[in-house]
Amino acid sequence: MLPSTRIRNLTGAGDDGWGLFYRARAMKAAGEPVLELTIGEHDIRTDPRILDAMEASARAGHTGYAIVPGIPALRDAVAARLAERTGVPTKRDNVLITPGGQAALFAAHHAACDDGDRALYIDPYYATYPGTIRAVGAVAVPVAARPEDGFQPRKEALMAAAKGARSLLVNSPNNPTGVVYSEETIRGIAQAAEAHDLWLISDEVYDTQVWDGTHLSPRALPGMADRTLLVGSLSKSHAMTGSRLGWVAGPEEMVGHLITLATHTTYGVPGYIQEAGLHALSLGPEFEAEIGAPFRRRRDMLAKLLAGQQVIRAAPAAGAMYAMLDIRATGLSGKEFAGRLLDAERIAVMPGESFGQAGAGHIRVALTLPDDAFAEAATRLVRFAGDLASAAVAG
Ligand code: PMP
């Protein structure tokens, strides 16, 4: 019996560089001291106050089916948060609570695209994007954001691709580049969506982690709330990756359809997780700043190290938990560099190519090791690149 074409085509061909990640994990399991700069996950665990709220809720009996759209208090809290951040009046009925941002991305594309529709996304991209689009039967079409533009997608490129497309998926602050889109970029995105009548799916799961500039949601621009599906999550902002708690917000009618979809897929999110999320939000912006602070600190540590050399050039990392490093001066591809770095230095980074063609010749460094280990890994990485470049010149 053959599985469906849709499920068989969900991921692309090849290992996309994730082979390196699994090789690093295998080396670690065999007892080798590998420093991992691969995964977008905090080096701390969920705060005990949030766990206490989770336990109290579960013990109070909130372990049955929760209402599918999300508990009213959490939908209200998310709506108030989005109203404050985007200036757009937002009510409970504009919000669906989902098991994480990933489920929200799937639901948004399912609701926006018909079979065979062209669904745009920006390359370099977060690993699941093309598969999520293919999973709903749409055709995933990348739009390159080029390193020479600081990985900001150009309006002309968006306009050209948008013709005949159905949706556009954007992500700022960005994974994998750490880049925060400028107001000009966000305006270009909105104009392309309006000019070609696209649904805009805006993945803002890193919106509390902005180190330079400010986060501007495209939903905040005039007229955009009617065509924007905003994806959010507590995974990154509150170090709650394992709790699987996120949302999608949009026009009320669309959210109505998304609730119907949830009834037939996830059937909601556990009530005790939602109450923990509500408590997490009540801890306020100071708590969110605390969760993000280590990434900012390590971004600065890395910038200092890179200032003393000429080989590696860094994309302007202004947010999220990553730095995208241009290693083309070593003469290697991102994949070759990452492979050799793992063998020679026992340091694991992600090849830029695993995030799309526009990431070629780069590596992504996750800022997710404790400061001392991060400093050691970054120092050795920079030295390794320098040695490679000298050898390339000498050879
Ligand atoms: N979007 C981006 C850009 C991400 O990096 C991630 C997780 N790494 C997600 C969405 C999904 O996050 P979650 O499902 O944990 O909310």
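All of these numbers come straight from a predicted model, not from anything done at the bench. Order of appearance sets the numbers: ligands from 1, and atoms from 1 within every ligand. Heads up: numbering here begins at 1 and tracks the sequence.
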Task: With E204, the side-chain hydrogen bond (donor to acceptor under 3.5 Å, both in side chains) member among S172, S217, S237 - done: S217
Task: With H362, the ring-ring contact (aromatic ring centres under 6.0 Å, His included) member among F151, F337, Y322 - done: F151
TODO: With V68 as reference, evaluate T263, V269, L261, I97 under the side-chain contact (heavy atoms from CB on, under 4.5 Å) test and give the passing residue.
DONE: T263
TODO: Pull out every atom of ligand 1 sitting under 4.0 Å from any heavy atom of K236, numbered as shown with elements.
DONE: 7 (C), 8 (N)
TODO: For atom 16 (O) of ligand 1, state which one of S233, A103, P176, A127 supplies the nearest heavy atom.
DONE: S233
Task: Q102 and T132: side chain donor to acceptor below 3.5 Å - done: yes
Task: Close N or O approach (S235, ligand 1; < 3.5 Å) - done: yes
Open item on the list: Taking atom CD1 as the centre, does I7 end up with more than 12 heavy-atom neighbours from other residues, nucleotides or ligands that are less than 6.0 angstrom away?
Closed with: no
TODO: Find all atoms of ligand 1 within a distance of less than 4.0 Å from any non-hydrogen atom belonging to N171, and give their numbers and elements.
DONE: 3 (C)
Open item on the list: What I want to check is whether the side chains of N94 and R75 have a donor and an acceptor closer together than 3.5 Å.
Closed with: no
TODO: Scan D226, T228, L200 and name whichever one has a side-chain contact (heavy atoms from CB on, under 4.5 Å) with R219.
DONE: T228
Open item on the list: Under 4.0 Å from a heavy atom of R244: which atoms of ligand 1 are those, numbered in the order shown and with their elements?
Closed with: 13 (P), 14 (O), 15 (O)
Open item on the list: Suppose I only count heavy atoms of G100 and a 4.0 Å limit; which atoms of ligand 1 are within that range?
Closed with: 14 (O), 16 (O)
- [ ] Among all protein heavy atoms, pick out the one at the shortest distance from atom 11 (C) of ligand 1; state its residue, atom name and that distance to 0.1 Å.
- [x] Q102 N, 3.9 Å
Open item on the list: Out of F106, Y125, Y126, who is nearest to atom 7 (C) of ligand 1 when you count heavy atoms only?
Closed with: Y126
TODO: Any atoms of ligand 1 less than 4.0 Å from a non-hydrogen atom of G101? List them with their elements.
DONE: 13 (P), 14 (O), 16 (O)
Open item on the list: Using heavy-atom distances only, which candidate in L234, D203, N175 approaches atom 2 (C) of ligand 1 most closely?
Closed with: D203
